[in-house]
Every structure is written in structure tokens, then in C-alpha cells.
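Okay, structure first, notes after.
Since we're looking at a predicted model, the values are computed, not measured. Side chains included, hydrogens not; waters and symmetry mates left out as well; all remaining heavy atoms used. When a ligand or atom number is given, it counts from 1 through the structure's own listing order.
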Amino acid sequence: MTQTGPLGSHPRQLGLIGHPVGHSVSPQMHNAAFAQQRMNCQYTAWAVEPASLKDAVAGIRALGILGVNVTIPHKEAVIPLLDEVAPTAAQVGAVNTIVNRGGRLMGYNTDGWGFQSSLEEAGVKLPGLEVVVLGAGGAARAIALGLARSRVARVVISNRTPERAERLAADISALVPEVPVSAVEALSQEERSALIDAGLVVNCTPLGMAGAGAGLSAVSDINLLPQLAVVYDTVYTPQETRLLKEARQRGLRTVGGLGMLVHQGACAWEYWFGRRGPVSVMTEAAKAALGGGA
Ligand code: NAP
């Protein structure tokens, strides 16, 4: 287990690198957990411009920073700057967690784990489900690969840029050939057909997120979905997006992205400290930082 230093000595440093990071509740979430566990650690959000990523990664080594989370837009670009990348992160093509082991930087991806844990918490059983993944970026890559490995019946990836969905579908098919994975264009007739059969729909786009995506929904017509469908939104600001609100009003089961955030963070602890982070403390802290609303 990594040493976290006795209370009273200088705290070990951890943090988040991304751009922007002002919206992030990860500092409140991790610092609350450190306090509750009486660990002498401190987590800070560092805004890092793309042009400064290389220097920031060198800084992790130079300053002896214990561990770092990585977010938009650095999850892919950071890979060549690391000493080693775990197989799942390499397959996903994105790193969201870095561990500094004596100057050697190791990259992991805990987003897929966070997604699956939050689904389990919500009681959703994946095997046999027909799934539509909206988006084909970093989050979609981690989620779609995890879904295929969980033996869903099929995965349809729908994206604004169809070539990106096709690349992701091909990558997953190569890794998990026994699960059918296909690509469609967002808002196309093929997407509508997939939504009509969906048992689970996962939004992995920023549509609905506070800021540029505010008030938008990644699903053009919620009435397409069958009554038993589960609707998952990875966006967690606001906690109830327009997609989740429309799904709830239609009586569909909904799961918001806060659980994924908490579980990916709790899983990052496994790599930093050799044990899972305290999920309930982290959930309460993240909710409080987001304004306490449900
Ligand atoms: P990303 O790699 O930049 O991918 C963004 C995806 O959204 C791409 O497929 C992109 O389509 C699509 N998109 C962007 N703007 C769009 C628009 N205006 N209309 C339609 N599609 C649009 O980002 P990411 O890392 O995958 O993150 C995506 C979202 O996942 C974020 O907004 C974040 O809220 C959420 N997320 C949540 C967690 C969590 O813990 N809850 C973790 C990671 C991410 P193109 O390919 O056409 O550009």
C-alpha cells in the first residue's frame, strides 16, 4: 500500500489535470474521503492547457505527486507520455488515472468500472440487453467495451460523426467478436430503429450538460423507447438532465452520471492506495458540491 504520510507531516499530493476543471467536484469528493479516512493527502484540480500537458506530466514525476486523474481533453494525448499503460486503458485508448510508482508513471482507465458499478448499484442486469450508446468519444469507448464484455445482446453506437462510431465498433468487434457491435449516424432512421428495440440507452455526449449542452437531449424522441428501457446519462451537471427528466416523466428507469463519477474515483483509489475509496462519503461530498440537489 502507498504511504500517505503521518498526520502533521506535509500532505501527499494528488489531483486532476484537464481543461477546463473549474466545474469538477473531484477535489471535494476525494478530500472529504481523505478527511474521513484520516489520510494526510490533498487533491487539487489543475487546469492544464493542451500545449502544457508534457510539462504537467513531467511535473508529476519532478514533484513526487502520488496520483492524478485525467479528464477532457487529455485522456488520449497523455498515453505516449506515460511509462506504462494497463491493457484495458490501452484497448480503450484513454487513461483517466495515473499512479506515480517511484517516478514511473502508470496509466489506467476506471471509467468503465465506474459505469458498471453504478449500473449494478441501480440493479440493472446487463446480459442479454440491447444497448444503444450515444457518442463515440473517450467515455463511450470505455463504456461500450465494458458492455460488450458483459455479454449484452448487442451494442449500437450512434454518433454525430459516423466514421468515429464505425472505428469504435470495429475496435470492439476485434476485442469481443462474439457480441454484435454496429455503428449508425446520430438522428438517422437506423438510430430510431435501434432506439425502438433498446433495453438500455447510454448518453456519452455532452448534450444536456450545464453550459453549451444545457437543456438539450441526446435522444430526439423519448417516446421511441420501449417501456422497459433503462436510460443512463453520463452527464451529472445537472444531476437530472433533460434526457433523464423526459425519461422519468415517461415512467422509464433512469440512472444519472454521479454514480459513475463516484465509482471511477473510488476505483482510482485501488491504484493509488491499494484499496477502494469510501463510496458513501464520496457520494455525499459530490452531491453537496453539486448543490445538494437530487
Ligand atoms: P469526447 O471524447 O470529447 O467525446 C464527445 C462525444 O460527444 C463525441 O462522440 C462527440 O461526437 C459527441 N458530441 C459532442 N458534442 C456534440 C453535439 N453538440 N451534438 C452531438 N454529439 C456531440 O468526450 P468524453 O470524454 O467521451 O465525454 C463525453 C461526456 O461524458 C462528457 O460530457 C461527460 O459529461 C461525460 N462523462 C461522464 C463521466 C462520469 O464520471 N459521469 C466520465 C467521463 C465522461 P463527434 O465524434 O461527432 O465529435
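Contacts between Asn159 and ligand 1, counted as non-hydrogen atom pairs separated by less than 4.0 Å, involve the side chain only. The proximity of Ala186 to ligand 1, defined as any non-hydrogen pair under 4.0 Å, does not occur for either the backbone or the side chain. Under 4.0 Å from ligand 1, heavy atoms of Met260 appear from its side chain as well as its backbone. Counting heavy atoms under 4.0 Å from ligand 1, residue Arg141 does not touch it at all. With a 4.0 Å cut-off on non-hydrogen atoms, Asn96 does not touch ligand 1 at all. Residue contacts with ligand 1 for Leu258 are absent, since no atom lies close enough (heavy atoms, distance under 4.0 Å).
A salt bridge links Arg242 with Glu246: at least one charged nitrogen is closer than 4.0 Å to a carboxylate oxygen.
One option in Gly138, Ala286, Gly208 has a heavy atom closer to atom 2 (O) of ligand 1 than any other, and that option is Gly138.
Checked against a 6.0 Å centroid threshold, the rings of Trp272 and Tyr108 do not count as neighbours.
Of all protein heavy atoms, the one lying nearest to atom 23 (O) of ligand 1 is Ile72 CD1, 3.8 Å. With hydrogens left out, the protein atom closest to atom 37 (C) of ligand 1 is Thr234 O, 3.3 Å, a heavy atom. Regarding atom 18 (N) of ligand 1, its nearest protein heavy-atom neighbour is Arg160 NH1, 3.3 Å.
His263 places no side-chain N or O within donor-acceptor distance of the main-chain N or O of Glu121, the cut-off being under 3.5 Å.
Between Leu207 and ligand 1, not a single N/O pair is under 3.5 Å apart.
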May I have the list of side-chain donor-acceptor pairs in residues 170-185 shorter than 3.5 Å, sequence neighbours left out?
from	atom 1	to	atom 2	distance (Å)
Asp171	OD2	Arg141	NH2	2.4
Ser173	OG	Ala169	O	2.8
Glu178	OE2	Arg151	NH2	3.1

Please tabulate, one pair per line, all N/O donor-acceptor pairs under 3.5 Å involving side-chain atoms of residues 57-69, not counting sequence neighbours.
from	atom 1	to	atom 2	distance (Å)
Arg61	NE	Gly103	O	3.3
Arg61	NH2	Leu81	O	3.3
Arg61	NH2	Asp83	OD2	3.2
Asn69	OD1	Tyr43	OH	2.7
Asn69	ND2	Asn96	O	3.1
Asn69	ND2	Thr97	OG1	3.4

